[in-house]
Enquirer: 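Take this structure, written in structure tokens, and hold onto it; I'll ask about it next.
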Amino acid sequence: MYLVCGEALFDVFAAPIDSRNSLNLEAVAGGSPFNVAIGLARLGVQVALLGGLSRDHFGHRLLQLLQDAGVATEHLAVFDAPTTLAMVAVGTDGSPVYNFRGEGCADRLLQPEHLQSLPAAIRGIHFGSYSLVTPPIADTLLALLHREHAQRLISLDPNIRLNVDPNLERWRERVEAFADRAHLIKVSDEDVALLYPGVAPEHIAQRWLGNHTELVVLTRGSEGAQLFSRQHGRFHVPAQPVTVRDTVGAGDTFQAALLAYLAEQQVHSPQGLAQMERAQLQAMLAFASRAAAVTCSRRGPDLPYRYEID
């Protein structure tokens, strides 16, 4: 079982209609951690979400969606605060552009006293996105990381959102703090370019391998993905050919597929990562690439079920 930590929110997509002063608005449940949790459940992996939900209508809907998908919700705290809304526009290349309405919202309010003791069934913990930097949840998750990193697989996807916090120095400090304890890091080349302008992404990946990290996966959009292994060196897989509708949720799909593969192979532990064979790593990368292609073929963060990848 995995524990995914961080925000659950609604992405609000706007589309013009014939009336000059009107927009069609479509609200789709999202947030990177929410997506990863749903993605894992759809891939047949036991998963729980840790974070904050609102008592408002949106929060009730998020809770229902999690429960319907089979995501365990006992690690969620509920607050009398609104649900974050992320306004999403899609660029000409299919990439999403976000504008967040989230100050003081429920997903940011998790405090250390909300943390529970974790059962042995939780083999891994995943961190990522703006919950790494927005207080108080950022400090709560850092405390959880320090408490648990020696006992469980730690995975990280920075998933930088400068619309939430434009302070790059804070992002760098927090990403490095989590990367220092992570065993698996998945990061996009766009995020590396934001965090470390002018530095080759491969250099950052190799540096992270010098800590506790066994594997770093670098996603490059249409150029495919690279994997850097402490034991086996570098791998590459090309992007799957697909007609791209948009790329919303593709990175979260890739992350969920990586974790699902580790669970299927029974290597979802720090020791398991270190013992993976070269062929397993290549197969994992290809599996995640196929999963992300499915999401890119449809609108919004509609992550695939296991049968759709095969």
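Note that the numbering runs from 1 along the sequence shown for the chain. What you see below is based on every heavy atom in this structure, not just the backbone, and it leaves out hydrogens, waters and symmetry mates. The structure presented is a predicted model; accordingly, all values stated were derived computationally and were not measured.
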Enquirer: Run the ring pair (Phe, Tyr, Trp, His ring centres under 6.0 Å) test against Phe100 and tell me which residues pass, sequence neighbours left out.
Expert: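 Checked Phe100 against ring pair (Phe, Tyr, Trp, His ring centres under 6.0 Å); matches are Tyr98, Tyr130.
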Enquirer: Look only at the side chain of Asp56 and the backbone of Thr83, and say whether a donor-acceptor pair between them is shorter than 3.5 Å.
Expert: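 A pair under 3.5 Å: yes.
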Enquirer: Please find the pair of heavy atoms, one from Ala81 and one from Leu109, that lie closest to each other, and give the distance.
Expert: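 Residues Ala81 and Leu109, closest heavy atoms: CB-CD1, 3.7 Å.
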Enquirer: How many angstroms lie between CZ in Arg161 and OG1 in Thr134, if you round to the nearest 0.5 Å?
Expert: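 The OG1 atom of Thr134 is 13.0 Å from CZ of Arg161, to the nearest 0.5 Å.
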Enquirer: Applying side-chain hydrogen bond (donor to acceptor under 3.5 Å, both in side chains), name anything that partners Glu26, two or more places apart in sequence or on another chain.
Expert: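 Counting only residues at least two positions away or on another chain, Glu26 forms a side-chain hydrogen bond (donor to acceptor under 3.5 Å, both in side chains) with Arg299.
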Enquirer: Working note: Val267 + Gln275, criterion side chain to side chain contact (heavy atoms under 4.5 Å, CB included); need CA distance, chi angles, decisive distance, verdict.
Expert: CA-CA 8 Å; Val267 290; Gln275 295 168 5; over 6 Å; no
Enquirer: Can you tell if the side chain of Ile38 reaches within under 4.5 Å of the side chain of Asp252, non-hydrogen atoms only?
Expert: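 They are not in contact (no side-chain heavy atoms under 4.5 Å apart), so the answer is no.
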Enquirer: When you measure from the side chain of Thr219 to the backbone of Ala225, do you find a donor-acceptor pair of N or O atoms at a distance under 3.5 Å?
Expert: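 Checking the backbone N and O of Ala225 against the side chain of Thr219, no donor-acceptor pair under 3.5 Å is found.
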Enquirer: Verify whether one side chain among Gln280 and Glu277 offers a donor that lies under 3.5 Å from an acceptor in the other.
Expert: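 Not at all, the side chains of Gln280 and Glu277 share no donor-acceptor pair under 3.5 Å.
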Enquirer: Grab the two heavy atoms, one from Pro304 and one from Val294, that are nearest each other, plus how far apart they are.
Expert: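 That would be CB-CG1, 3.6 Å.
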Enquirer: Ignoring hydrogens, what is the shortest heavy-atom contact between Val78 and Arg55? Give both atom names and the distance.
Expert: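 So the minimum-distance heavy-atom pair works out to CG1-CG, 3.2 Å.
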Enquirer: Take Phe79 and His114 through the test ring-ring contact (aromatic ring centres under 6.0 Å, His included) and record every step on the way to the result.
Expert: CA-CA 11 Å; Phe79 298 100; His114 296 118; 5.2 Å; yes
Enquirer: Find the distance between CD1 (Ile122) and NE2 (His268) and round it off to the nearest 0.5 Å.
Expert: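 Atom-to-atom, Ile122:CD1 and His268:NE2 are 11.5 Å apart.
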Enquirer: Glu264 versus Arg306: any side-chain heavy-atom pair under 4.5 Å?
Expert: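 Side-chain contact under 4.5 Å: yes.
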Enquirer: Please check this pair: side chain of Arg172 against backbone of Leu195, looking for a donor-acceptor N/O pair closer than 3.5 Å.
Expert: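 Yes, because the side chain of Arg172 sits within donor-acceptor range (under 3.5 Å) of the backbone of Leu195.
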Enquirer: Do Leu156 and Leu184 have side chains that approach each other closer than 4.5 Å (heavy atoms only, starting at C-beta)?
Expert: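 The answer is no; the side chains never approach within 4.5 Å.
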Enquirer: What is the distance from atom CZ of Arg234 to atom CG of Leu227, rounded to the nearest 0.5 Å?
Expert: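 With rounding to 0.5 Å, CZ (Arg234) is 11.0 Å from CG (Leu227).
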Enquirer: Does Glu113 CD have over 12 foreign heavy atoms under 6.0 Å away?
Expert: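 Yes - once you tally the heavy atoms of other residues, nucleotides and ligands closer than 6.0 Å, there are more than 12.
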Enquirer: Can you pull the ring-ring contact (aromatic ring centres under 6.0 Å, His included) pairs that have at least one residue in residues 25-54, sequence neighbours excluded?
Expert: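 Found none.
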Enquirer: At what distance, to the nearest 0.5 angstrom, does OG of Ser229 lie from CG of Leu281?
Expert: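 Output value for this atom pair is 5.0 Å.
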Enquirer: Write out all pairs satisfying ring-ring contact (aromatic ring centres under 6.0 Å, His included) with one or both partners inside residues 143-178, taking only residues at least two apart or from two chains.
Expert: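 Residue pairs with at least one partner in residues 143-178: Phe127-Phe178, His149-His212.
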Enquirer: Applying salt bridge (Lys or Arg N to Asp or Glu O under 4.0 Å), run through Glu176 and Arg207 and close with a yes or a no.
Expert: CA-CA 11 Å; Glu176 288 296 338; Arg207 177 170 63 78; 2.8 Å; yes
Enquirer: Looking only at atom types and distance, does a side-chain atom of Lys186 sit under 3.5 Å from a main-chain N or O of Gly251, one as donor and one as acceptor?
Expert: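 At least one qualifying donor-acceptor pair exists.
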Enquirer: Starting from Leu258, can I reach Tyr305 by hopping between I/L/V/M/F/W/Y residues whose side chains sit under 4.5 Å apart?
Expert: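 They do not share one cluster, since no chain of ILVMFWY contacts under 4.5 Å joins Tyr305 to Leu258.
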Enquirer: Hey, is the main chain of Glu74 close enough, under 3.5 Å, to the side chain of Gln116 for a donor-acceptor pair?
Expert: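 It does hold such a pair.
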Enquirer: Inspect the surroundings of CZ in Phe58 and state if more than 12 heavy atoms from other residues, nucleotides or ligands are less than 6.0 Å away.
Expert: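 Counting other residues, nucleotides and ligands, CZ of Phe58 stays at 12 neighbours or fewer.
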Enquirer: For the backbone of Gln226 and the side chain of His236, can you confirm whether one donor and one acceptor N or O come within less than 3.5 Å of each other?
Expert: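 Not confirmed, His236 side chain does not pair with Gln226 backbone.
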Enquirer: Is the closest side-chain heavy-atom distance between His126 and Tyr2 below 4.5 Å?
Expert: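 The answer is no, as the side chains (C-beta and beyond) never meet within the 4.5 Å cut-off.
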Enquirer: Kindly indicate, with the supporting measurements, whether the criterion salt bridge (Lys or Arg N to Asp or Glu O under 4.0 Å) is fulfilled by Arg174 and Asp165.
Expert: CA-CA 12 Å; Arg174 282 307 172 111; Asp165 188 332; over 6 Å; no
Enquirer: If we only count heavy atoms from C-beta on, is the Gln206 to His203 side-chain gap below 4.5 Å?
Expert: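 No, their side chains stay 4.5 Å or more apart.
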Enquirer: With a 4.5 Å limit on heavy-atom distance, are the side chains of Pro270 and His183 in contact?
Expert: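 Answer yes - side chains close enough.
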Enquirer: Evaluate the criterion side chain to side chain donor-acceptor pair (under 3.5 Å) for residue pair Thr84 and Glu7; output intermediate values, then yes/no.
Expert: CA-CA 9 Å; Thr84 291; Glu7 68 269 12; over 6 Å; no
Enquirer: Where is the tightest heavy-atom contact between Ile137 and Gly6, given as atom of each residue plus distance?
Expert: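 That closest heavy-atom pairing would be CD1-CA, 4.4 Å.
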Enquirer: Could you tell me which non-hydrogen atom of Phe254 sits nearest to which non-hydrogen atom of Leu285, and how far apart they are?
Expert: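 Taking every non-hydrogen atom into account, CZ-CD1, 4.0 Å.
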Enquirer: Identify the heavy atoms of Leu215 and Met276 that sit nearest to each other, and give their distance.
Expert: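 Closest heavy-atom pair between Leu215 and Met276: CD1-SD, 4.4 Å.
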Enquirer: Under the salt bridge (charged side-chain N to carboxylate O under 4.0 Å, His left out) rule, collect the residues that match up with Glu173, sequence neighbours excluded.
Expert: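 Here no residue qualifies.
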Enquirer: Looking at Arg220, is its backbone amide N or carbonyl O close enough to the side chain of Glu223 to form a donor-acceptor pair, meaning the two atoms are under 3.5 Å apart?
Expert: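 Absent.
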Enquirer: Only one of Leu9, Thr73, Leu62 passes side chain to side chain contact (heavy atoms under 4.5 Å, CB included) with Leu53; say which it is.
Expert: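 Testing each of Leu9, Thr73, Leu62 against Leu53, the sole residue satisfying side chain to side chain contact (heavy atoms under 4.5 Å, CB included) is Leu62.
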Enquirer: Cation-pi between Arg42 and Tyr307: NZ/CZ under 6.0 Å from ring centre and within 45° of the ring axis?
Expert: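 No, Arg42 does not sit over the ring of Tyr307.
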Enquirer: Check the pair Leu153, Ile125 against side chain to side chain contact (heavy atoms under 4.5 Å, CB included), reporting the backbone distance first and the verdict last.
Expert: CA-CA 6 Å; Leu153 175 71; Ile125 306 176; over 6 Å; no
Enquirer: Is it true that Val36 and Leu303 fall in one hydrophobic cluster, defined by side-chain heavy atoms closer than 4.5 Å?
Expert: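 They do not share one cluster, since no chain of ILVMFWY contacts under 4.5 Å joins Val36 to Leu303.
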Enquirer: To the closest 0.5 Å, what do you measure between CG (Leu110) and OG (Ser131)?
Expert: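 Answer for the CG-OG pair, Leu110 versus Ser131, is 9.0 Å.
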Enquirer: Per the side chain to side chain donor-acceptor pair (under 3.5 Å) rule, which among Asn35, Thr247, Thr295 passes with Thr253?
Expert: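 The option that passes is Thr295.
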Enquirer: How about Gln255 and Val217: do any of their side-chain heavy atoms sit closer than 4.5 Å?
Expert: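 With C-beta onward as the side chain, the pair stays apart.
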Enquirer: Step by step, would you call Val244 with Val242 a side chain to side chain contact (heavy atoms under 4.5 Å, CB included)?
Expert: CA-CA 6 Å; Val244 176; Val242 65; 4.0 Å; yes
Enquirer: To the nearest 0.5 angstrom, please state how far the CG atom of Leu43 sits from the CG atom of Leu259.
Expert: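 The CG atom of Leu259 is 10.0 Å from CG of Leu43, to the nearest 0.5 Å.
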Enquirer: Where the side chain of Arg181 meets the backbone of Ile154, is there a donor-acceptor pair that is under 3.5 Å apart?
Expert: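 Here the side-chain-to-backbone pair does not exist.
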Enquirer: Between the main-chain N or O of Pro136 and the side-chain N or O of Thr140, is there a donor-acceptor pair closer than 3.5 Å?
Expert: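 Yes, the answer is positive, given that a donor and an acceptor are paired below the 3.5 Å cut-off.
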Enquirer: Ignoring hydrogens and geometry, is there a side-chain-to-backbone donor-acceptor pair from Asp157 to Gly128 under 3.5 Å?
Expert: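 Checking the backbone N and O of Gly128 against the side chain of Asp157, no donor-acceptor pair under 3.5 Å is found.
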Enquirer: What pairs with Arg278 under salt bridge (charged side-chain N to carboxylate O under 4.0 Å, His left out), at least two apart in sequence or on another chain?
Expert: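 Once residues adjacent in sequence are excluded, Arg278 has no partner under the salt bridge (charged side-chain N to carboxylate O under 4.0 Å, His left out) criterion.
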Enquirer: Taking C-beta and beyond as the side chain, do Pro33 and Leu49 meet within less than 4.5 Å on heavy atoms?
Expert: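 Yes, their side chains come closer than 4.5 Å.
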